[in-house]
Amino acid sequence: MEMTDKPKQWFGVDRYSWYALLVLVIVYIVNFVDRQLLTILAVDIKHDLGISDAQFGFLYGTAFGVFYALFGIPLGKLADRAMRTRVLAAGLALWSVMTALSGLSRSFLQLGAARIGVGVGEATAGPCSYSLLGDYFPAHRRATAVAIFSSGIYLGGGFSLYIGTAIAGGWNNAFPLAERPFGLAGWQAAFLAVGLPGLALAFWVRSLREPIRGRFEAPPQDSAPRPAPQAATWAAFVRDLAAIVPPFTLLAAARRGTSALVGNLAIAAGLAMLGTLLSYLIGDPAQWIALGIGTYAIASWAIALRHDDPEAFRVIWASKSVVGLNLGYGLMCVITYANSAFGPSLVIREFGASAGAVALIVGGSAAIGGALGVIAGGALGDRLAGDRYHSRRILVVIAALLTSLVPNCIMLATHSLTVVYICVFPMWFLASCALGGAAGTIVNIVPATTRATATAAFFLFATMIGLALGPYAAGKISGAFGANLRIGLAGILVVVPFALVALEVCRRDLIIRER
């Protein structure tokens, strides 16, 4: 259904757009409940499956993140062509089923496979939602809308700690070890209980109106979206999959000629050698195999995009501002994802806090701080930038990164549980301000026709750099120092200067474009 009427408005935007934003926020809350549930259940999962900190970091980050990143690109391009509400509803149904299947896992490999499925399904959420919000809201309200949507990250992450402990603890108390239905542990019951309701939410998402694509640009790029993708749309989606999902990448390269195929094979061989070397020197071959596959796939996609869609390549890969933003924010995510993965475990292991207290105090403070921070960052960026000066949004990102380090470092240095609890709110408030500024930048500096694809690339950097490396690196460093999570989380702060350089490159390029 098209949005052609002009209903009453709230803050200069029609009320239906605010309703759609509410639905999308709920979707994102569920998204991060399903994603983050692993963290508060880490102690039981590690005990039952016999896994290390590094393996847990792999499950939380790499297994999920690599496939989230890979499928985000073709699904983002599909969202640029098809009805985004349908794509999002299908993805929601998939990740809900895979979350439930996580509860049936009996081994490290089974849980890893389920996490891959969750990553594939959740890859629809960001690109579809950002693209929809870009057409539900005008430019001067867009970053605020995206920031409100992004608050679902922190609300979902915090709520997952509470609901995870409540369900797992209630199940274990109600059913002694010998009497558990189907032999399910509390953590498994939590995954089942959280995953299945997402199927009902998928029908609600499907009922949303599809807005006119580019309705606030002049002229609109697509004034009449079709009710369903045609055969050509799905054929293009298959081609996009072939461009990024191995081993079909070889066929896509072969179609471009012998030299393209040889170059593709050379990239694969070089990454295979590097992965083998890292596996020998560091260990954890699953980490390097998955990361190598992801890196190879991204390189294949970038080369294919340059050949098949030069305009999208120019926007995503040839723009200093977009690459600088994606790289800078991706490096910031090394810190935030590592803290998301191991923050609850740090408080439980180092300070002896109970899981219930961590869920209530740490989870609640992080949820409220993060939700308020991302909205504040987006709104501040809108106020500073207006419709033109997007370089000012990057100042919000840089300031948020630097100031968030203060409570972060205090938490890692203190031996007082009270001080840790006090620092959680400001740390997540400031860190999430960066997301508000970064997300507001990406949706405003790219054309409407490539917004979903560019958003997918934004998430690709955040996941392949931040999620696939951050939790694993923190866990590996921790293991090297006798399972010391303080040292593990402190060690990853080495990325800060590199993030600042990338963000400054972005800011200066935007200043040039604004003249």
Side-chain angles (χ1 to χ4, degrees), residues 29-60 63-64 95-115 117-118 155-200 340-367 417 420-421 424 471 475 478 483 485:
I29 290 173
V30 171
N31 180 296
F32 272 81
V33 167
D34 292 355
R35 186 186 305 191
Q36 291 289 120
L37 192 62
L38 203 68
T39 59
I40 197 62
L41 304 174
V43 173
D44 290 341
I45 292 172
K46 289 170 63 179
H47 176 270
D48 289 354
L49 302 185
I51 61 177
S52 66
D53 279 346
Q55 288 176 314
F56 179 81
F58 170 82
L59 286 174
Y60 177 84
F64 172 93
W95 90 61
S96 298
V97 169
M98 298 308 294
T99 298
L101 289 177
S102 299
L104 301 179
S105 301
R106 304 283 184 176
S107 69
F108 170 75
L109 291 177
Q110 289 176 359
L111 185 54
R115 291 288 291 176
V118 174
L155 295 174
F159 185 59
S160 69
L161 302 187
Y162 171 77
I163 195 172
T165 55
I167 296 175
W171 181 273
N172 288 335
N173 291 333
F175 302 106
L177 183 61
E179 300 176 9
R180 291 175 179 173
F182 308 104
L184 296 176
W187 66 268
Q188 294 174 304
F191 276 113
L192 288 166
V194 166
L196 294 177
L199 296 175
S340 294
F342 289 109
S345 295
L346 172 69
V347 181
I348 292 171
R349 281 161 50 171
E350 298 289 330
F351 296 91
S354 67
V358 170
L360 180 63
I361 301 175
V362 175
S365 298
L417 180 58
V420 170
Y421 285 158
V424 172
S478 169
L485 286 175

Quick check for you: to the nearest 0.5 Å, what is the distance between Ile348 atom CD1 and Ile40 atom CD1? 4.5 Å

Any side-chain heavy-atom pair from Leu111 and Ser102 closer than 4.5 angstrom? yes

I need the single residue from Asp44, Asn172, Asp48 that forms a side-chain hydrogen bond (donor to acceptor under 3.5 Å, both in side chains) with Trp187. Which is it? Asp48

Nearest 0.5 Å, please: how far is CD in Gln188 from CD1 in Ile167? 13.5 Å

Kindly indicate whether the side chain of Asp53, heavy atoms from C-beta on, has any atom under 4.5 Å from the side chain of Leu485. yes

Indicate yes or no: at least one non-hydrogen side-chain atom of Tyr421 is less than 4.5 angstrom from one of Ser365. no

Intermediate values then yes/no, side chain to side chain contact (heavy atoms under 4.5 Å, CB included), Ile51 and Ile45: CA-CA 8 Å; Ile51 61 177; Ile45 292 172; 4.3 Å; yes

Using a 4.5 Å cut-off on heavy atoms from C-beta on, say whether the side chain of Phe175 contacts that of Leu184. no

If you draw a 6.0 Å radius around OH in Tyr162, do more than 12 non-hydrogen atoms from other residues or ligands fall strictly inside? no

Run Leu104 and Leu192 through side chain to side chain contact (heavy atoms under 4.5 Å, CB included) and show every step you take. CA-CA 8 Å; Leu104 301 179; Leu192 288 166; 4.3 Å; yes

Does Phe108, at its CZ atom, have more than 12 non-hydrogen atoms belonging to other residues, nucleotides or ligands within less than 6.0 Å? yes

Any side-chain heavy-atom pair from Leu41 and Phe191 closer than 4.5 angstrom? yes

Check: Arg35 main-chain N/O paired with Arg115 side-chain donor or acceptor under 3.5 Å: yes

Is the shortest heavy-atom distance from the side chain of Phe64 to the side chain of Leu38 under 4.5 Å? no

In the structure I gave you, are the side-chain heavy atoms of Lys46 and Gln55 within less than 4.5 Å of one another anywhere? no

